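Counting begins at 1 with the first residue of the sequence. Order of appearance sets the numbers: ligands from 1, and atoms from 1 within every ligand. Remember, it's a predicted structure, so these values are computed and weren't measured experimentally.
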Amino acid sequence: MVIKKLVIAHRGASFYRPENTLAAFELAYQQGADGIETDIQLSKDSIPMIIHDANINRVTHATGNVNQWSSEKLKTFDIGSWFDLKYQSERMMTLTDLLQWAKGKNLLLNLELKTKKNLNPNIEQIVYQEVIQHGLLDQVIFSSFNSATLKKLKQLNSETRVALLTKRHSLSLQQMCEEFHFDGIHLKYNYVNRTVTEKYHRIGKYLGVYTVNISSQMRKCFQANCDMIITDRPDLAIEKRHLFF
Ligand code: G3P
Ligand code: CA
């Protein structure tokens with residue numbers, strides 16, 4: 001897939017449905033998103049689980065860290081009713097569930113590996129192996145705020161696509177992308193403008209922007225020639241994108 005003005009659904013279509021659930025992923029797909037962004041943490045038995053926070057407090061009725069619970073138990077938790085009771089049948093997904101669902105669909109998967117503070121040891125190898133087993137490497141972009149995680153993924157296989165997540169742009173990040181052959185950068189939307197985009201394009205890297213949920217911001221990103229918008233509202237971004245083609 002060419003990375004050009006892509007609309008990526010942040011945690012699925014999470015403006016409308018509970019984040020990181022099958023319901024949110026299905027809606028994003030129906031709305032015509034080019035891809036889905038999601039977050040991965042490891043369970044106690046080192047199974048990759050689809051959840052943003054390191055703990056389960058916000059999105060389930062239970063408490064504790066993801067890595068204190070077995071994957072079998074995590075899979076039983078309701079992660080929908082915090083958003084709306086009508087989603088009470090949504091259950092926490094494993095990466096396996098997600099890959100099986102995405103296989104055969106024309107959909108990019110942006111897998112964000114959460115590795116802050118030595119959380120989730122060896123997650124790079126575990127997730128990479130699973131993607132390979134499903135034959136989906138071409139469909140995946142890995143991202144992380146932790147550059148060491150991206151370096152490990154590139155060491156596993158230089159063909160693996162990786163993007164550095166950052167809250168702000170700086171020359172050193174640009175140099176890092178070049179030096180370590182990262183494929184792109186996912187930048188917070190406040191820092192995006194045409195000059196920044198051009199800097200990345202000049203060195204052959206793509207520029208994604210997160211998390212863009214307001215029409216005016218979407219227009220600004222497309223005007224700045226960004227390659228990817230990560231949004232909770234893929235339907236709105238697709239509507240705005242029409243103005244720029
Ligand atoms: O990938 C963009 C965005 O998801 C990064 O921040 O906290 O929403 O995972 P966060
Ligand atoms: Ca994320």
Name the residues in contact with ligand 1, where contact means a heavy atom under 4.0 Å away: which are they?
->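 Contacts of ligand 1 under 4.0 Å: His10, Arg11, Glu37, Asp39, His52, Glu112, Lys114, Phe145, Leu165, Tyr210.
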
Pick from Ile8, Asp34, Val140, Asp138: which one makes a side-chain contact (heavy atoms from CB on, under 4.5 Å) with Leu108?
->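 Only one option passes, and that is Ile8.
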
Starting from the C-alpha separation in whole Å, work towards a yes-or-no answer on side-chain hydrogen bond (donor to acceptor under 3.5 Å, both in side chains) for Asp232 and Ser14.
-> CA-CA 5 Å; Asp232 300 345; Ser14 58; 3.1 Å; yes

Student check: side-chain heavy atoms of Tyr29 and Asn106 closer than 4.5 Å |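 Not in contact.
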
Tell me, yes or no, whether the heavy-atom count around Lys4 atom NZ, taken from other residues, nucleotides or ligands under 6.0 Å, exceeds 12.
-> yes

Taking the six-membered ring for Trp and the full ring for Phe, Tyr or His, determine whether the centres of His186 and Tyr206 are under 6.0 Å apart.
-> yes

Assign the ring pair His169 / Tyr200 to parallel, tilted or perpendicular, where the plane angle (0 to 90°) is split at 30° and 60°.
-> perpendicular

Check the angle between the aromatic planes of Trp101 and Phe25 and answer parallel, tilted or perpendicular using the 30° and 60° thresholds.
-> tilted

Can you check whether Ile50's main-chain N or O pairs, donor with acceptor, with Asn20's side chain at less than 3.5 Å?
->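 The answer is no, because no donor-acceptor pair under 3.5 Å joins these two groups.
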
Could you grab the protein N, O or S atoms closer than 3.0 Å to the Ca ion (ligand 2) for me?
->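 Protein N/O/S atoms under 3.0 Å of the Ca ion (ligand 2): Glu37 OE2, Asp39 OD1, Glu112 OE1.
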
Linking I/L/V/M/F/W/Y whenever their side-chain heavy atoms sit closer than 4.5 Å, directly or via other members, would Val131 and Ile36 fall into one cluster?
->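 The answer is yes; both residues are in one hydrophobic cluster.
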
